Amino acid sequence: MNIKNNSSAPYEEGPDWQRRYDENSTRWERGSLNPAFGYWQKQGAFAGIASVIVPGCGRSPEPLAFANMGANVTALDFAPTAVTFQKDAFVNAGLEAQIEAVDVLKWQPRQPVDAIYDQTCLCALTPAVWPDYTDQLYRWLKPGGRAFMLFMQTGKEGGPPFHCALSHMREIFDETHWQWPDEPPQETDHSNEKVELGVILTRR
Ligand SMILES: C[S@@+](CC[C@H](N)C(=O)[O-])C[C@H]1O[C@@H](n2cnc3c(N)ncnc32)[C@H](O)[C@@H]1O
């Protein structure tokens, strides 16, 4: 696939995500842990993570899974349904987390964290704001902190979800700020013939 989302292209305001929840138009939801999450967990890639941010958490189960591993979780989403869901999930599990109804492009943590888990948040944002978003991820992480990225491959123009071509990802997560792994991305099927490429980036 050789599609690159032109980050300087004009773009419309993002979709009304709350409306998607209201209309039950949430095809991105798996209803279970992402296989890449399971793979990374089995590989021990999450070992030593004391604090993690999950931006655009939606109703995904991964924030709770991190909390079950003992991590201090911050889950972010500006859709009220997502925030309420995560709060209820943590209350029901008897666990604590910082769950914030915020814009990921504006929010800052009180202190930098060990890890970020991005599952269909980047691809939900219009490519014009991707450099702002990667700046945010860089600021949120401690030096040496890791960003667990699932780069959505749609092979199509437009979105969301927007196609996250690896060549484009290497530009916005540039080598000056991010260390890319030697191993190839972890490939996971998603809905509607889409594929996610799991990559662990280390903040320099
Ligand atoms: C495609 S969904 C993915 C949800 C979740 N990560 C999952 O895997 O099920 C994108 C989520 O990001 C949230 N979102 C999009 N833009 C956002 C922003 N600028 N700030 C906070 N949340 C945002 C939406 O409300 C939505 O819940």
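Whatever order the structure lists them in is the order used to number ligands and atoms, beginning at 1. None of these values were measured; they are calculated from a predicted model.
For residues 38-51, the set of pairs meeting the side chain to side chain donor-acceptor pair (under 3.5 Å) definition, not counting sequence neighbours, comprises S51-D114.
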Kindly print each ligand 1 N/O atom paired with any protein N/O atom under 3.5 angstrom away, one pair per line, or none if nothing qualifies.
from: ligand 1; atom 1: 6 (N); to: G56; atom 2: O; distance (Å): 2.7
from: ligand 1; atom 1: 6 (N); to: Q119; atom 2: O; distance (Å): 2.8
from: ligand 1; atom 1: 8 (O); to: Q119; atom 2: NE2; distance (Å): 2.8
from: ligand 1; atom 1: 8 (O); to: T120; atom 2: OG1; distance (Å): 3.3
from: ligand 1; atom 1: 9 (O); to: W28; atom 2: NE1; distance (Å): 3.4
from: ligand 1; atom 1: 19 (N); to: D103; atom 2: OD1; distance (Å): 2.9
from: ligand 1; atom 1: 20 (N); to: V104; atom 2: N; distance (Å): 2.9
from: ligand 1; atom 1: 22 (N); to: F78; atom 2: N; distance (Å): 3.3
from: ligand 1; atom 1: 25 (O); to: D77; atom 2: OD1; distance (Å): 2.6
from: ligand 1; atom 1: 27 (O); to: Y21; atom 2: OH; distance (Å): 2.6
from: ligand 1; atom 1: 27 (O); to: D77; atom 2: OD1; distance (Å): 3.4
from: ligand 1; atom 1: 27 (O); to: D77; atom 2: OD2; distance (Å): 2.6

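When ring centroids are compared, F66 and F148 stay outside the 6.0 Å threshold.
E96 and N72 share no side-chain donor-acceptor pair at under 3.5 Å.
Screening T202, I172, L201 against W178 for a side-chain contact (heavy atoms from CB on, under 4.5 Å) leaves a single residue, L201.
With sequence neighbours excluded, the residues that form a side-chain contact (heavy atoms from CB on, under 4.5 Å) with T26 are Y21, N24, W28, E29, R59. Evaluation of the side-chain contact (heavy atoms from CB on, under 4.5 Å) rule for V102 yields L76, E100, W107 as partners, not counting sequence neighbours.
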